[in-house]
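Shown next, in structure tokens, is the structure this report addresses.
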Protein chains: 2
Amino acid sequence: MMPHAAAATPQLLRRVNAQAVLRHIRGADVATGTELMALTGLTRASVIAVCEDLIGRGWIVELDQPRTVPANPRKGRPARRFAFNREAGFVLGLDIGAATTTAAVADLRGTVIGRSSESFRAADIPAQERIGVIDLACRQALEAAGTDPGTVLAVGAGIAAPVDRDGNVLVTQRFWSLFDVGLRSALKDLHGWTVLLENDANLAALGERWRGSGAGVDDLVVLLAGERLGAGVMESGRLLHGRGGAAGEMGYLDMVEGVGSSDGIAALARQWSAAGGGPSAGGPASAPRVFEDAAAGDAAALAILDRISERMARVIASIASLINPEQVVIGGAVAESAGALLPGITARLPRFTATPPRVTVSPLGDKIVTVGAIRHALDFVEANALELELAG
Amino acid sequence: MMPHAAAATPQLLRRVNAQAVLRHIRGADVATGTELMALTGLTRASVIAVCEDLIGRGWIVELDQPRTVPANPRKGRPARRFAFNREAGFVLGLDIGAATTTAAVADLRGTVIGRSSESFRAADIPAQERIGVIDLACRQALEAAGTDPGTVLAVGAGIAAPVDRDGNVLVTQRFWSLFDVGLRSALKDLHGWTVLLENDANLAALGERWRGSGAGVDDLVVLLAGERLGAGVMESGRLLHGRGGAAGEMGYLDMVEGVGSSDGIAALARQWSAAGGGPSAGGPASAPRVFEDAAAGDAAALAILDRISERMARVIASIASLINPEQVVIGGAVAESAGALLPGITARLPRFTATPPRVTVSPLGDKIVTVGAIRHALDFVEANALELELAG
DNA sequence: AGGAATATATTTAGCTTGTATCTAAATTAC
DNA sequence: GTAATTTAGATACAAGCTAAATATATTCCT
């Protein structure tokens, strides 16, 4: 007949209230019953019952009374003090690139406590070997963190391919399509992990909103603009995927200039530098070199940066017209040097769009995807905390 | 300290379950207790209790036992039959254009039972007079529907300006900025109505997904492409607004051609026709005339349509790259004739984007905005049903 | 040091809403 | 007319919340 929704039973109340209490305890350093009463609107009896429940499940711990006299001594019976158990489990954040995979382990507050990278032997290795390399990076990161696979509650994984809302890679145009499905089931089979696959630019957006220059911005676009160009779009605090997960895949967006439209800043700098000349025309036309030369005042390099700024301004303006974000963050491999592009971009925007966003450069460097992957995994854990089993 | 969320009390359960039951009854023509048990997962006792509740509040009615023998006679004690009370209240859908306002009255199933249009005396009349004209259209439509202002549960209103998520017009660049705020409070003061302001293209998207060619499509874009060009964007079944409500305002999007980028199909046809010539170059260069001429095989007119197709294909491709919708619907004043553009657009799309959406033409004609406004109002009523007072 | 004041903790009674189970009612089929 | 079948209604009970009364631990003041 219909996929009938589960009936709301009294147990649902406890779930909802426990979730609210847990959220507040997670946000605070330490919480007392009275604070939680004010925050949740529950009575003391309910708050305490919920806390006992959460302690039993391992999500929070009760702290001992401080032996030392507290800084500002308060009258009355001392309150029981509850704290989030940030080591109730851990999450993994993966940045799976074409050449290298980086794994980062974080506790439930998001503090990274282990990290490891492994490179693939070649670009065309079979899926099985690729999974082996990824798994190795994960295990090394866990070891560095001093924990083991059994404590992992969720894995966020970013790849440079369209991923739809359900974590499936639909587009069959690349080798990923074969590979990714293998990854999810492989890590499930190996360790029992829940793997949340996402597009790398989308994860970059999550990361930037969490701990980058877009902190707290609900309408945010992150341009992952190193070698390739991809956008992670958040509207009203939610990631946009589109029908097949290809939202933000700016594949053919640029219909004006002759360059490949999926080229990022680094690729453009290299190409135009190789074609154009300048003092470093003789040497290898690397992107860092172009930025260096421009910083030193070289006219040809400056002209290239200007051209890149123009191009980025057009891309950002298209985004501004369609999505109207509050802020656009430029991230990826060239983020450190991309600051030099900002004035040129910002100055051009009003010519191209009536709603120019704030444009900034990511402070997260090459960690942008793993940070976002961790956030993605934490979001899952926080949403499903009361359904997850904690391993001792 | 914090905006503390309301605690989940046992009453919440009833609210949740009543909402679920009401949703199912609204969807079905008539429902029995046994059906609702299966659909909601509740026990019979709870289902009956909820239904009694809903009857008391006026949202549903209990039907008499049919005197006639039913078509397929069933064994056992006959079930009580519950039906949605589609006349528990009504909603208004407004299309507030620059020259004319149209008001439509619908019952709670969305059937339009009254309609009225009123034009403004001039473009620059004061806000007070404008509100008066709108109010007149509303009252006439209500009279035509045989009901009165007291039965209106919500009003959806579409305007051709950016409106943010909260229904506020932020951009101050047009006379709307003064006008709209007046509308909400004016109709609240006059009749006690809750007015939900939205961008007209956004409402078009709601309408198209509800009763147009995008029925049931979660990732849908509607181009309102008459005189002006605006997009209503839905992703995962939700409308996109962006920071200031300007998402889909394609203001300066086109950086390629010399035409004003906010021009819609009709405007383009007129401009290019006036500039270009053709058999009807002597007469008034109206958009319908261009489509007529093209249908008759006129080469110049065909060339203009081709040029429009190219332009629309580029716009749609930009959208496809950023949002990846499943479908794009072209609506607005020219929707009837826009079918002639479809082959030209569809053929060009693969050149511009790797993820071409299905492109269709709206069947809703000039009712597209009022239909969407009704849907918008119904969404509000359905979400807030159990908090709303029913009059009469 | 001892009592008052204060803040927190715990207990008890009662309300709402749900489930589960049993009995009653109304209809069809033979 | 009786059995089978389906729905309705009633009773018992469990979960979770509130509210109010009572108990406990600490600081402040004399």
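Given the structure is predicted, the values throughout are model-derived calculations rather than measurements. Residue numbers begin at 1 in each chain, while the letters A, B, ... track the order of the sequences.
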Report yes if a side-chain nitrogen or oxygen of A:T9 is closer than 4.0 Å to either non-bridging phosphate oxygen (OP1 or OP2) of C:dT19; otherwise report no.
no
Calculate the interatomic distance between B:E35 atom CD and D:dA8 atom P; express it in whole Å.
11 Å
Sub-3.5 Å donor-acceptor pair from the side chain of A:E62 to the main-chain atoms of A:I55, do we have one?
no
In whole angstroms, how far is the C1' atom of C:dC30 from the NZ atom of B:K75?
10 Å
Determine, stepwise, if the pair B:V217 / A:R243 fulfils side chain to side chain contact (heavy atoms under 4.5 Å, CB included).
CA-CA 9 Å; B:V217 176; A:R243 165 69 173 177; over 6 Å; no
Can you work out whether A:I48 or A:P10 has the more 5'-proximal nearest nucleotide on DNA chain C?
A:I48
If you assign A:V50 and A:G76 each to the DNA chain D nucleotide with the nearest heavy atom, which residue ends up on the more 5' nucleotide?
A:V50
Spacing of A:M37 atom CE relative to C:dT8 atom P, expressed in whole Å
9 Å
Give a yes/no answer on whether the side chain of B:N17 brings an N or O atom under 4.0 Å of OP1 or OP2 in C:dG18.
yes
For A:T43 and D:dC17, is the shortest distance between a side-chain N/O and OP1 or OP2 below 4.0 Å?
no
Whole-Å gap separating C1' (D:dC17) and CG (A:D53)
14 Å
Look at the side-chain N and O atoms of B:R44 and state whether any lies under 4.0 Å from the OP1 or OP2 oxygen of D:dA8.
yes
Length of the line joining B:L36:CG and C:dG18:P, which is rounded to integer Å
14 Å
Is B:A8 touching bases, backbone alone, or none of the nucleic acid, heavy atoms closer than 4.0 Å?
sugar-phosphate
Check step by step if side chain to side chain contact (heavy atoms under 4.5 Å, CB included) holds for B:E382 and B:L108.
CA-CA 9 Å; B:E382 292 176 5; B:L108 295 184; over 6 Å; no
For A:R81 and D:dT26, what is the distance between atoms CZ and P respectively, to the nearest whole Å?
13 Å
Between B:R14 (CZ) and D:dC17 (C1'), how many Å, whole number?
16 Å
Within the pair A:R80 and C:dT8, is there a side-chain N or O less than 4.0 Å away from OP1 or OP2?
no
Do you know the tightest heavy-atom contact between A:R238 and B:S236?
NH2-CB, 3.9 Å
Check whether the side chains of B:R184 and B:T194 place a donor and an acceptor atom closer than 3.5 Å, and report yes or no.
no
What nucleic acid atoms does A:S46 come within less than 4.0 Å of, heavy atoms only: base, sugar-phosphate, or nothing?
base
How many Å lie between CD on A:Q11 and P on D:dC17, as a whole number?
10 Å
Which of the following nucleotides, D:dT26, D:dT7, C:dT27, is nearest to the side chain of B:R77?
D:dT7
